[in-house]
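Notes follow the structure.
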Amino acid sequence: MFTRNVMPSGRRQYPFHLIEPKWQQSWDFQQTFRAFNPGDEIPHGHPFAQRHELGGWKLSTSELPPKYYILDMFPYPSGAGLHVGHPEGYTATDILARYKRAQGFHVLHPMGWDAFGLPAEQYAIKTGQHPRQTTESNIANFKRQIKSLGFSYDWTREVNTTDPNYFKWTQWIFLKLYNSWFNPATNKAEPIETVAYPPELSGRGAELESARRTHRDSQRLAYVTDAPVWWCEQLGTVLANEEVIDGKSEVGGFPVIRKPMRQWMLRITAYAERLLKDLDTIDWNHSLKEMQRNWIGRSEGAEVQFQISNFKFQFTVFTTRPDTLFGATYMVLAPEHELVEQIITSEQRAAVQAYKAEVARKSDLERTELAKEKTGVFTGGYAVNPVNGEKIPIWIADYVLVSYGTGAIMAVPAHDTRDFEFATKFNLPVVQVVQPPDPNIDWRGFVDDGTSVNSTGPEISITGLPTAAAKEKIGAWLESKGLGRRTVNYKLRDWLFSRQRYWGEPFPIVWKRDANGNVFHEALPESALPLLPPSLTDFKPTVTGEPPLARAEVWVNLPDGLQRETNTMPQWAGSCWYYLRYLDAQNTSAFVGKEAEQYWMGTASSKLQVESCRLDAAATNPATCNLQPATKSTTPGVDLYVGGTEHAVLHLLYARFWHKVLFDLECVSTPEPFFKLVNQGLILGEDGQKMSKSRGNVVNPDDILKEYGADAFRLYEMFLGPLEMVKPWNTKGVEGVYRFLGRVWRLFVDEQSETAFEQAETTTDICSRGCGSAADSRAFTSATTRLLKLIKLSSAIEDKQPTPAQLKALHACIKKVTEDMEGMRFNTAISAMMVFINEAMTWETKPVTVLRDFLILLQPFAPHIAEELWEKMNIQHPTSNIQHPAGLAYAPWPTFDPALLVEDTLEIPVQVNGKLRDVIRIRLDASPAEIEAAARASEKVKPFLDGKTVKKVIVVPKKLVNLVVG
RNA sequence: GCCGGUGUGGCGAAAUGGCAGACGCACAGGACUUAAAAUCCUGGGACCGUAAAAAGUCGUGUCGGUUCGAGUCCGACCACCGGCACCA
């Protein structure tokens with residue numbers, strides 16, 4: 001005989017399976033977490049209205065409480081559903097959102113979907129199912145999963161990048177870019193109409209008209225050019241850089257080749273300097289800023305012109321070391337440099353052509369991979385060194401890139417590693433021009449700063465100057481002679497903005513032909529937006545390699561002979577500005593309303609005050625900690641943005657770029673979008689490896705939720721370790737926090753009533769989480785409510801004055817949790833709550849006020865159980881609820897009283913020669929002399945002092961005593 | 001190669017320059033139970049001791065330094081993770 005109905009993992013610690021859906025429904029129904037824009041009417045019954053006494057008002061920006069905008073990187077809703085990495089960041093932001101609400105901030109905490117992109121399109125090509133269908137069902141699944149975690153999002157602001165009401169504005173912003181240029185004089189974007197034309201283009205006539213158009217188009221922030229792109233034959237599509245890994249397609253691992261195609265580009269390079277400089281104004285973590293700095297890759301140097309021997313023309317090189325000009329013993333052009341054809345001598349022609357052909361066969365990747373061994377060919381041409389008139393040979397080599405600088409270098413083998421390698425291989429002369437500061441260091445291959453030597457010519461000498469001064473002097477000389485200029489170069493390239501795909505935003509652009517047959521592009525008017533993609537059944541690119549949109553002939557070919565652009569925008573487009581749409585998601589007349597933008601981005605100040613505690617104020621003067629001027633706490637931009645490092649460069653750089661353009665055009669009011677940014681660390685599988693389907697170590701949140709509930713899941717994700725760290729998942733570890741919630745539950749509830757509840761539950765037929773219909777959910781709600789009412793609070797909870805020990809435990813907990821909240825140290829905040837509960841378990845009577853404050857602390861982390869217990873407290877101890885009419889989600893965050901934390905006596909360690917020998921208990925106000933005496937008196941310490949003299953005594957009051965003996 | 005980050009018990013981790021290992025997992029022992037699960041209590045870095053303790057010694061990747069005192073600060077190195085990579 002054996003029983004079959006034993007639960008696989010034992011008895012449930014508490015009825016989270018009823019509590020969690022109950023409160024999620026309640027929050028949904030009440031719109032508890034809705035945020036209000038300036039001008040919105042705030043309903044009377046809303047808890048936010050009750051907390052701030054604003055019911056029935058329509059408030060202007062300056063009358064609303066101070067904002068706090070806390071943002072998650074919105075997910076791409078894949079078919080695989082959520083994995084445990086997503087909720088890590090989402091839990092952290094949710095905890096802070098709830099904390100800030102409790103502090104009295106007006107919190108904006110939205111969520112949405114980044115839903116354009118390749119997977120849905122690939123799936124469509126395979127199955128013929130329209131990407132919209134896949135996208136919709138994936139979103140539904142993601143939303144269900146995210147909602148089941150109890151996050152406090154304002155769902156009225158949900159955005160979806162594939163919704164025409166959304167991408168209308170993505171297209172609108174593209175038009176802004178298209179219709180603007182970057183004016184270097186003002187260092188900002190301006191309307192394209194302000195472009196000045198060179199004098200030779202003025203005048204009437206079709207030719208000049210066309211020339212002016214070409215000039216204008218070449219200045220736009222969005223422009224067209226022929227650029228090589230990754231083409232994958234097997235997938236029949238063009239791939240983005242990030243979709244190509246080690247020369248193969250990320251999907252399927254097929255080979256890819258570089259193929260030149262007409263592309264739309266965005267002129268992000270114009271913003272390189274501002275993108276770099278403004279990093280100093282924002283609060284991002286150090287390594288992330290470094291990544292952006294490296295990506296932008298600013299380097300200061302000089303452009304120097306070299307005359308070509310026996311020819312009229314000259315060419316320009318970029319160098320960061322103009323001070324080494326006297327050491328240039330040869331020149332190198334990139335093989336693709338346009339001058340190569342003109343300077344090769346007949347005897348070198350064959351060799352140069354062969355080399356160029358060889359290089360052209362290699363992809364960029366192979367060129368860098370084969371970097372070990374330098375290759376190159378002499379062109380036969382010579383250049384003249386402007387400082388000393390020496391003739392030096394011009395080579396071509398693929399270690400010089402046509403896309404960086406001027407595509408040409410002066411080679412100084414003595415002081416550049418690559419040039420040195422090359423010169424060694426091809427037996428080119430090496431001339432010292434820099435003396436290392438340390439004479440023992442070999443000058444050959446010395447690339448750092450030193451002192452110039454052998455650097456004297458007929459007109460200029462820098463011999464004897466340190467590197468910095470030498471650079472300065474020669475730079476000035478070159479400029480005065482018109483031979484060069486000091487300049488700055490960037491690694492950053494313009495942004496390739498078009499994709500040959502179906503599932504993306506169509507460009508609001510048409511192509512025309514003028515009277516002379518010149519093809520040109522023109523923007524659609526704003527009124528034509530949104531421009532919807534055509535409906536297709538075949539989503540593959542055409543046989544000619546044209547984008548899939550070209551299949552829709554009726555859509556492409558307009559009646560008046562115009563043709564639509566068939567490229568689409570990349571996935572980044574929608575994610576570049578979604579944080580702005582959240583501010584005013586329903587606006588049909590603007591991408592974001594001005595008032596809403598200024599309020600939420602913190603450029604309009606609010607008058608009301610945060611009635612909560614600032615730590616520093618509380619620590620020094622608890623009496624004044626309840627009122628802080630709000631204007632000090634508003635931050636320009638998103639207050640906190642949390643997401644993964646994978647977006648460290650591209651998304652975050654692109655979004656900053658768009659934001660700056662919009663700022664220049666006065667569409668937004670802050671120069672930077674994200675004031676503070678935190679990366680959550682990756683969660684690895686239980687085996688310590690990156691989670692992946694192929695390794696079979698993926699943890700599905702649904703399984704954890706079923707077994708332990710959302711509160712335990714949230715708690716565990718935070719208890720794992722510091723947010724920014726990489727850390728392995730361990731399902732066993734969930735048990736720990738789950739047991740903690742069980743202890744919280746048992747601390748509050750009466751055991752007998754729970755037994756009654758359990759009996760009633762087994763005889764009640766309620767369908768669990770996931771039941772579909774409205775009727776089902778109503779039945780669930782009423783059954784749940786009825787059942788949960790059977791559970792009563794423990795009789796040990798009494799409306800009594802807390803003891804000093806109880807107050808001390810509570811206030812220590814408040815202090816620790818509050819401080820850790822500010823520092824986003826959620827793991828240690830949770831451990832502080834565990835410490836509190838472990839102690840509270842031992843109390844015979846539990847004062848209502850103490851437990852109430854604890855629930856407010858617990859609420860951000862484990863909101864469902866906290867709400868349920870809070871509700872029971874309100875029913876059974878209603879009188880103490882008077883000060884919190886708004887409900888738990890808006891109950892004021894408790895403040896701690898430092899006076900309650902001090903003790904009369906404390907233990908301090910006694911060291912002899914820095915080694916711990918005893919711990920003594922001493923009065924708090926004991927003088928140093930008393931402490932020393934007590935330390936010397938210790939029986940454990942005495943043997944270490946015997947026969948020795950005490951040479952020095954260090955007494956750190958309240959900390960330790962150290963006796964130094966000799 | 002360059003830039004950034006991280007190295008602490010069996011494991012996840014914690015420690016304003018001041019008692020290393022809070023909190024939790026796993027483990028062991030005990031209580032409760034007919035039994036198990038759950039729960040509650042107790043223990044725990046290593047070494048050396050001891051009947052058991054106590055005492056003692058060592059211990060935060062390695063080596064050195066500053067300091068009365070270093071996981072923490074400084075210097076050199078090693079390992080792992082992430083990013084960039086012929087950027088002139």
Side-chain angles (χ1 to χ4, degrees), chain A residues 6-7 9-13 285-295 297-299 301 317-321 324 332 367-372 374 397-401 403-412 416-419 421-422 447 489-492 645-646 648-649 679 681-682 684 688 690 715-716 719-722 724-737 739-740 742-743 746 751 816 825 827-835 838 841 907-919 940 943 951-956 958-965:
Chain A
V6 177
M7 290 201 358
S9 55
R11 186 170 170 271
R12 232 180 239 117
Q13 292 265 355
N285 82 47
H286 178 70
S287 76
L288 202 104
K289 284 187 180 182
E290 278 306 301
M291 276 192 228
Q292 293 226 338
R293 286 193 187 108
N294 291 340
W295 191 265
R298 183 184 201 274
S299 68
V317 302
F318 174 72
T319 177
T320 55
R321 292 297 297 270
T324 62
V332 187
R367 279 174 67 164
T368 55
E369 252 185 4
L370 297 175
K372 323 279 177 258
K374 295 272 181 292
D398 67 357
Y399 81 89
V400 173
L401 309 175
S403 52
Y404 182 78
T406 59
I409 63 159
M410 61 175 212
V412 184
D416 181 282
T417 314
R418 296 148 306 179
D419 297 345
E421 274 175 38
F422 191 86
V447 298
N489 240 304
Y490 300 93
K491 277 198 277 183
L492 185 68
T645 341
E646 65 271 24
V649 177
N679 284 130
L682 206 61
L684 306 173
K690 212 167 172 172
L715 226 40
Y716 179 63
F719 192 59
L720 220 43
E724 302 98 292
M725 294 283 113
V726 176
K727 49 217 170 250
W729 179 270
N730 173 12
T731 298
K732 268 283 172 195
V734 186
E735 301 255 4
V737 291
R739 282 203 276 259
F740 161 67
R743 281 201 298 281
R746 288 190 297 277
E751 219 179 310
K816 181 73 177 143
R825 292 178 297 265
N827 53 334
T828 47
I830 293 167
S831 92
M833 291 191 287
M834 287 172 166
V835 170
N838 289 346
M841 294 288 277
E907 285 185 336
I908 63 168
V910 179
Q911 296 180 344
V912 179
N913 285 347
K915 282 195 165 53
L916 178 74
R917 296 304 175 188
D918 195 11
V919 176
K940 287 184 184 165
K951 291 201 289 198
K952 193 172 177 185
V953 179
I954 290 121
V955 177
V956 185
K958 301 181 192 179
K959 281 287 181 205
L960 108 169
V961 190
N962 189 10
L963 305 169
V964 185
V965 301

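Order of the sequence lines sets the chain letters (A, B, ...), proteins ahead of strands, with each chain counted from 1.
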### Task
Sticking with atom C1', work out how far B/G17 lies from B/G82, rounded to a whole angstrom.
31 Å

### Query
Taking the side chain of A/Q911 as heavy atoms from C-beta outward, which of B/A88, B/G18, B/G12 is closest to it?
B/G18

### Query
Expressed in angstrom and rounded to an integer, what is the separation of A/K951 atom NZ from B/U67 atom P?
14 Å

### Query
With syn defined as a glycosidic torsion within 90 degrees of 0 and anti otherwise, which applies to B/G9?
syn

## Note on the structure
Which of B/A88, B/C19, B/C23 is nearest the side chain of A/V835? It is B/C23

### Query
Hey, is the side chain of A/R746 poking within less than 4.0 Å of OP1 or OP2 on B/C40, counting only N and O atoms?
yes

### Query
Considering only heavy atoms and no angle criterion, is a donor-acceptor pair shorter than 3.5 Å present between the side chain of A/K727 and the base of B/U6?
no

### Task
Please measure how far the C1' atom in B/U62 lies from the corresponding atom in B/G7, and state the result in whole Å.
11 Å

### Task
Using a 4.0 Å heavy-atom cut-off across all strands, classify A/R298 as base, sugar-phosphate, or nothing.
nothing

### Message
Which nucleotide, if any, forms a Watson-Crick or G-U wobble pair with B/C23, using both distances under 3.5 Å?
### Response
B/G12

### Task
To the nearest Å, give me how far apart NZ (A/K958) and P (B/U16) are.
18 Å

#### Entry: Assigned partner base of B/G1, Watson-Crick or wobble definition, under 3.5 Å
B/C84

### Query
Rounded to the nearest Å, what distance is computed from the NZ atom of residue A/K690 to the C1' atom of nucleotide B/G83?
12 Å

### Query
Quantified in whole Å, what is the P atom distance between nucleotide B/C48 and nucleotide B/U33?
42 Å

### Query
Does a side-chain N or O from A/R739 land closer than 4.0 Å to OP1 or OP2 of B/A38, or not?
no

### Query
When we call it a touch if two heavy atoms are under 4.0 Å apart, what does A/K732 touch: a base, just sugar-phosphate, or nothing?
sugar-phosphate

### Message
I want to verify a distance call: between B/G18, B/A55, B/A15, whose nearest atom is closest to the A/L960 side chain?
### Response
B/G18

### Message
Need one value for A/T645: base, sugar-phosphate or nothing, where a base atom within 4.0 Å counts as base even if backbone is also close, heavy atoms only.
### Response
nothing

### Task
Using the P atom as the reference point in each nucleotide, state the distance between B/C27 and B/C11 in Å, no decimals.
15 Å

### Query
Want to settle it: does A/N730 or A/F318 sit nearer the 5' end of RNA chain B, counting the closest nucleotide to each?
A/N730

### Message
What is the separation between atom CG on A/L684 and atom C1' on B/G82, rounded to the nearest whole Å?
### Response
12 Å

#### Entry: Among B/G5, B/U16, B/C19, the one nearest A/K959 by side-chain distance
B/U16

### Query
Backbone N or O of A/G914 within a donor-acceptor pair of the A/N962 side chain at under 3.5 Å?
yes

### Summary
With the side chain defined as heavy atoms from C-beta on, A/M834 is closest, among B/C25, B/G18, B/C23, to B/C23

### Task
Could you work out the separation of B/U60 and B/U8 based on their C1' atoms and round it to a whole Å?
4 Å

### Message
Looking at B/G24, I'd like to know if its phosphate oxygens (OP1 or OP2) sit under 4.0 Å from a side-chain N or O belonging to A/N838.
### Response
yes

### A/N294 side chain vs A/G297 backbone, donor-acceptor pair below 3.5 Å
no

### Query
Taking OP1 and OP2 of B/U39, is either one under 4.0 Å from a side-chain nitrogen or oxygen of A/Q13?
yes

### Check: A/D419 side chain, A/V412 main-chain N or O, donor-acceptor pair, under 3.5 Å
yes

### Summary
5'-most contact on RNA chain B (nearest-nucleotide basis), A/N489 vs A/Y716, goes to A/Y716

### Task
Measure the distance from CD on A/E735 to P on B/A38 and round it to the nearest whole Å.
8 Å

### Query
Is there a Watson-Crick or G-U wobble partner for B/C40 with both distances under 3.5 Å, and which nucleotide is it?
B/G30

### Query
Which nucleotide in the set B/G24, B/C58, B/A22 lies at the smallest distance from any side-chain heavy atom of A/K915?
B/C58

### Task
Please answer whether the main-chain N or O of A/V734 pairs with a side-chain N or O of A/R739 as donor and acceptor at a distance below 3.5 Å.
no

### Message
Give me the distance, rounded to whole Å, that separates B/C47 from B/A53 when you measure between the P atoms they each carry.
### Response
14 Å

### Task
For B/A88, take OP1 and OP2 only and decide whether either is under 4.0 Å from a side-chain N or O of A/T406.
no

### Query
According to the Watson-Crick and G-U wobble definitions, with both distances under 3.5 Å, which nucleotide is paired to B/A51?
none

### Query
Can you tell me if A/Y716 and A/N730 form a side-chain donor-acceptor pair at under 3.5 Å?
no

### Query
Quick one: which of B/C3, B/A88, B/C84 gets closest to the side chain of A/D416?
B/A88

### Query
Just checking A/V964: base, sugar-phosphate only, or nothing, at a heavy-atom cut-off of under 4.0 Å?
sugar-phosphate

### Query
What is the distance, rounded to the nearest whole Å, between atom CG of A/N294 and atom C1' of B/C3?
5 Å

### Query
Paired with B/U62: which nucleotide, if any, by Watson-Crick or G-U wobble criteria at under 3.5 Å for both distances?
B/A76

### Task
Would you sort out whether A/R743 and A/Q13 count as a side chain to side chain donor-acceptor pair (under 3.5 Å), showing the intermediate values?
CA-CA 8 Å; A/R743 281 201 298 281; A/Q13 292 265 355; over 6 Å; no

### Task
Round to the nearest Å and state the distance from A/L401 atom CG to B/A88 atom P.
10 Å

### Message
From CD of A/E646 over to C1' of B/G82, roughly how many Å is that when rounded to an integer?
### Response
12 Å

### Task
Hunt down the Watson-Crick or G-U wobble partner of B/G71, both distances under 3.5 Å, from any strand shown, or write none.
none

#### Entry: Minimal non-hydrogen separation, A/Y399 against A/V332, with atom names
OH-CG2, 3.8 Å

### Query
Of all the choices, B/C25, B/C3, B/C40, which nucleotide is nearest to the side chain of A/M841 once you look at every atom?
B/C40

### Query
Do A/K940 side-chain atoms and A/V910 backbone N/O form a donor-acceptor pair below 3.5 Å?
no

### Query
Less than 3.5 Å between a donor and an acceptor, one on the side chain of A/K374 and one on the base of B/C86, is that the case here?
yes

### Message
So does A/L963 get a backbone contact from the side chain of A/Q911, meaning a donor-acceptor N/O pair under 3.5 Å?
### Response
no

### Pairwise C1' distance, B/A14 and B/U50 [rounded to whole Å]
33 Å

### Task
Can you figure out which of B/U57, B/A14, B/C84 approaches the side chain of A/T828 most closely?
B/A14

### Task
Just compare B/A88, B/C68, B/U57 and give me whichever is closest to any side-chain atom of A/Y404.
B/A88

### Query
According to a strict under-4.0 Å criterion, is A/N827 in side-chain N/O contact with OP1 or OP2 of B/A14?
yes

### Task
Heavy atoms only: give me the nearest A/V964-A/N913 pair and the separation to one decimal.
CA-OD1, 3.3 Å

### Phosphate OP1/OP2 of B/G24 contacted by A/R743 side-chain N/O (<4.0 Å)
yes

### Task
May I ask you to say what A/L720 touches in the nucleic acid, namely base, sugar-phosphate or nothing, with a heavy-atom cut-off under 4.0 Å?
sugar-phosphate

### Query
Which is true for A/S287 with a 4.0 Å heavy-atom rule: it touches a base, it touches only sugar-phosphate, or it touches nothing?
sugar-phosphate

### Query
Which whole number of Å gives the distance between the C1' atom of B/C78 and that of B/A28?
37 Å

